[in-house]
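Excluded from the calculations below are hydrogen atoms, water molecules and symmetry mates; all remaining heavy atoms, backbone and side chain alike, are included.
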Amino acid sequence: MCGLAGFLDFEGTDTAVCRRVGLAMADSLAHRGPDAEGVWVEDGICLAHRRLAILDLSEAGQQPMTSACGRYVIVFNGEIYNHQQLRNELDAERPGYNWRGHSDTETLLACIAHWGLEPALKRSIGMFALALWDRRYRSLSLARDRFGEKPLYYGWIRGAFVFGSELKAIKAHPGFEMQICRAALARLLQYTYVPAPFSIWRGIYKLEPGCTLILNGSVSASPPGAPLRPGMRFGNMAVDRYWSVAQAAAVGARGMILDEAEGLRRLESALMLSVRRQMLSDVPLGAFLSGGVDSSTVVAMMQQQASAPVQTFTVGYEDAGYNEAPHARAVARHLGTNHTEVVVTDFDAKAVIPDLPQLYDEPFADSSQIPTHLICRAARSSVTVALSGDAGDEIFGGYNRYFWGPRVWNRLAWLPFPVRKILGAGFTSIPIGCWDRLGKDFAGLLPGQGGIAHLGDKAHKLAARLSRIQNIDDLYRSLITEWSDPATLVCGFEDCSSDQEGPLDDPLPGCVSDSSQARMMLRDTVTYLPDDILCKVDRAAMGVGLETRVPLLDHNLAELAWRLPMSMKIRGNEGKWALRQILYRHVPRELIERPKAGFALPVGKWLRGPLRDWAETLLDPSRMKAEGHLNPEPVQRIWNEHLSGRREWTPRLWSVLMFQAWLEAQR
C-alpha cells in the first residue's frame with residue numbers, strides 16, 4: 001500500500017524544478033508510505049511515490065519502477081493478490097526471464113510490457129491505482145481497480161496535467177488554484193460524500209472504478225469543462241472501462257446457479273480462495289472483527305487457513321447502547337484468535353474530530369469515520385495489514401432498505417401519486433408535538449416498549465418522502481438522500497454544472513428490471529461502496545500507515561454472487577442468507593444473530609452537549625454568509641430543531657459541519 005502522485009508538464013519546466021515539485025507532492029503523502037520515497041523525471045513527466053513495504057521489503061520493490069525492456073515506468077498503489085500465478089504464466093510464455101525481486105509491482109509491470117495494459121489489468125486480481133508512462137509513445141495511463149478500493153484523482157491545472165492518490169498531493173503542485181466545485185458541494189450535502197467523478201475542487205476529478213484514462217503526452221490540449229465518463233474522448237484524452245458491475249450482473253443472470261447446495265459449495269470455495277490470497281504478506285497481518293456476519297466470516301476463513309492464532313481487533317465503547325465488543329469477543333473466543341479490544345471513551349472519539357479534515361482530504365460526512373479511524377489506529381500498533389468484512393451488504397444484500405423498501409412501496413403503490421402527496425401534506429399539517437404525544441400514548445398499548453420515540457420527527461420525514469416518490473426507484477433515491485433540495489442551500493448552485501450525471505444515473509442492465517432489490521444493490525455497489533465505505537476505510541487506515549484488504553471484493557467472488565438468485569441473498573427479513581449459511585459452519589448461529597448495529601456513535605447527542613460550542617462556531621450565520629458557500633437560513637432552522645430535541649437531524653448537520661470544518665482547515 002502506498003501513495004502516488006505526478007504530473008505531465010506542458011510548459012517546458014526545468015527538470016530540477018519538476019523534481020522539487022514531485023518531491024513536495026510525494027511528501028504530502030508520507031502517511032500513506034512511511035518506508036521509502038522516490039521521484040522519476042524525464043522530458044516533462046514526473047512520477048512520485050511513497051512506499052509502505054508489504055511484499056518484497058528490499059530495494060528491488062522500490063518505485064518508481066522501470067520495466068526490464070526500459071519502455072515503461074510505473075508508480076503503483078495496492079496489491080495484486082494473484083501475482084505469483086501471473087509470474088508463472090509469464091515464465092511459461094518466455095522462459096529464462098530474470099526477475100529482480102518478488103514484488104507484485106514488478107510482476108504487474110512485466111505483465112503490461114508483455115500483454116499490454118488492459119489485458120494485464122483483466123488478468124489481475126487485486127486492489128490498485130497506478131500511473132504508467134510509455135516512453136516510446138509518450139503516453140500516460142491511469143488505472144483504478146474494479147470496485148474503487150484505492151483512490152485516484154486527476155485534473156488540469158495551470159500548465160500541467162496532475163494526478164495523485166489524495167487531493168493534498170495535487171494541492172502541493174504550485175499551479176493548483178483552490179476553487180470549490182459547487183456541484184460537488186451540493187452532492188456532498190445530498191449524499192454525505194462527494195460521488196465520483198467529482199471532487200470538491202473545480203477541475204479535479206476522481207477516476208471511476210474499473211476504468212483507465214489515457215493521455216497522449218505529445219500533444220498539449222485545453223482541459224475539458226467537465227469530468228470524462230467511461231467511453232468519452234476529449235482532445236488527447238480518453239476514458240474507458242475495462243470491467244463493470246453492470247456487466248457482471250448481466251453475465252451472472254445468464255448463468256444462474258439454481259441449486260442451493262451447489263451455490264453454497266462454490267461460494268465457500270471462492271471465499272476461502274479470496275481470503276487465502278489476501279493473507280499474502282511479508283509483514284504482520286490481522287483482521288477487524290465486529291462480531292457481525294461479514295467480519296466473522298472473513299476471520300473464520302483466515303483462522304481455518306492460518307498456522308497460528310489470527311490477530312483480531314475490535315473497538316468497544318463505554319456506552320453499552322453502542323458497544324458491540326462483547327459479541328466480537330465471543331466470536332474471537334470461539335475461533336481461537338489472538339484478540340485485542342480497545343475501549344474508547346467519549347473523550348477519545350471526540351478528540352479525533354479536529355483531525356478529520358486533514359485525514360479525509362475532502363469533506364466527508366459519514367460519522368462512522370471516527371470509530372473506523374480508532375480501530376485502524378489500534379490495529380497499526382501490532383500489524384501492518386488488516387483484512388476487513390466490508391462490502392458484504394452490497395454484494396450479498398444486507399442493508400435494511402433492501403428488505404423494507406419494497407415492503408413499504410407495496411403498501412403505497414396502489415395510491416395514485418396525487419393522493420400520496422395529499423396524505424403527506426396531511427401528516428405535515430399535524431404539529432410534531434401532537435405526533436409525539438400520540439407516540440407516548442402508544443406506551444399503554446405496547447407494554448415494555450415505552451411508546452414510539454420521536455414519532456413526530458418520523459411522521460414528518462415520511463411525509464416528505466411521500467410528496468416526492470412516484471416509484472420504488474424514487475424511494476431508493478429518497479432513502480440515500482439527506483438534503484433533498486441542495487439548490488436552496490448552496491450559494492450559486494444554479495450557476496454551476498449541476499446537471500452532470502454520475503454512476504447513479506447510468507442505465508442498468510435489463511436483468512435487474514424486475515428486481516428492485518437487485519437495482520438497489522447494483523447502484524450501492526457503484527456509488528455508496530466506493531465513495532463512502534471504501535473511501536472511509538482507505539483514509540482512516542492510510543492515515544496511520546495501515547493497509548486494509550477486502551476479501552469480499554475479489555471480483556471472481558462478486559461475479560459468482562451475481563449468479564446466485566436473490567432468494568439466496570435476501571430471504572424474508574434476513575439478508576446475506578448464503579453468507580450466513582457458510583458462517584454457521586464455523587461459528588454457532590446464536591453468537592451472530594442480533595439486530596444490525598454498524599459503527600455508530602451518539603453524535604447527535606454530542607451536538608446537543610459537549611460538541612455544541614464547536615458546532616455553533618462553525619454554523620454561525622454571519623460566518624457562513626461571509627464565506628459565501630452555504631445559505632445559513634435553512635441550516636439554522638434544522639440546527640434549532642435539533643437542539644430542541646423535537647427533530648433528529650444528525651446526518652444533515654454532520655454534512656454541513658464536516659464541510660465547514662474542512663473549509664476552515666484550508667485557510
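For residues 514-535, the pairs satisfying ring-ring contact (aromatic ring centres under 6.0 Å, His included) are Y399-Y528, with sequence neighbours left out.
Here S388 contributes atom OG and D294 contributes atom CG; the two are 9.0 Å apart, rounded to the nearest 0.5 Å.
Applying the salt bridge (Lys or Arg N to Asp or Glu O under 4.0 Å) rule to D531 yields no partners; only residues at least two apart in sequence or on another chain are considered. Under the ring pair (Phe, Tyr, Trp, His ring centres under 6.0 Å) criterion, Y153 pairs with no residue at all, not counting sequence neighbours. Y81 is linked by a ring pair (Phe, Tyr, Trp, His ring centres under 6.0 Å) to nothing, counting only residues two or more places apart in sequence or in another chain. In this structure, Q470 has no side-chain hydrogen bond (donor to acceptor under 3.5 Å, both in side chains) partners at least two apart in sequence or on a different chain. Taking Y205 as the reference, Y154 meet the ring pair (Phe, Tyr, Trp, His ring centres under 6.0 Å) condition, with sequence neighbours excluded. A search for side-chain hydrogen bond (donor to acceptor under 3.5 Å, both in side chains) contacts involving K569 returns nothing, not counting sequence neighbours. The side-chain contact (heavy atoms from CB on, under 4.5 Å) check on N556 picks up I125, R277, D554, E559, with sequence neighbours excluded. Listed by chain and residue number, K122 satisfy the side-chain hydrogen bond (donor to acceptor under 3.5 Å, both in side chains) test with E118 (two or more places apart in sequence, or in another chain). Residues meeting the ring pair (Phe, Tyr, Trp, His ring centres under 6.0 Å) test with H173, sequence neighbours left out: F7. Not a single side-chain hydrogen bond (donor to acceptor under 3.5 Å, both in side chains) links E149 to another residue, sequence neighbours left out.
Residues R144 and E208 are not paired through a salt bridge, judged by the lack of any N-O separation under 4.0 Å between the basic side chain and the carboxylate. The existence of a salt bridge linking D506 and R523 is excluded, since no basic side-chain nitrogen approaches an acidic carboxylate oxygen closer than 4.0 Å.
Checked by atom type and distance alone, the side chain of S274 never pairs as donor or acceptor with a backbone atom of A270 at under 3.5 Å. Side-chain atoms of Q278 come within 3.5 Å of backbone atoms of V550 as a donor-acceptor pair (strictly under, hydrogens ignored).
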* Please test R135 against E42 for salt bridge (charged side-chain N to carboxylate O under 4.0 Å, His left out), starting from the C-alpha separation and ending with a verdict. => CA-CA 9 Å; R135 301 169 79 183; E42 182 180 271; 2.6 Å; yes

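Between the side chains of K171 and S28, no donor-acceptor pair is found at a separation under 3.5 Å. Side chains of Q63 and T105: a donor-acceptor N/O pair is present below 3.5 angstrom, by distance only. Looking at D524 and Y476, their side chains do bring a donor and an acceptor atom within 3.5 Å of each other. No side-chain N or O of W562 forms a donor-acceptor pair with one of Q247 less than 3.5 Å apart.
Taking the six-membered ring for Trp and thresholds of 30 and 60 degrees, F10 and W156 have nearly parallel ring planes, at less than 30 degrees apart.
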Would you give me the side-chain donor-acceptor pairs under 3.5 Å for residues 157-169, sequence neighbours excluded?
from	atom 1	to	atom 2	distance (Å)
R158	NH1	E177	OE2	3.4
S165	OG	L4	N	2.9
S165	OG	L4	O	3.4
E166	OE1	H31	NE2	3.3
E166	OE1	K168	NZ	2.7
E166	OE2	H31	NE2	3.1
E166	OE2	R32	NH1	2.8
K168	NZ	Q358	O	3.1
K168	NZ	D361	OD1	3.4

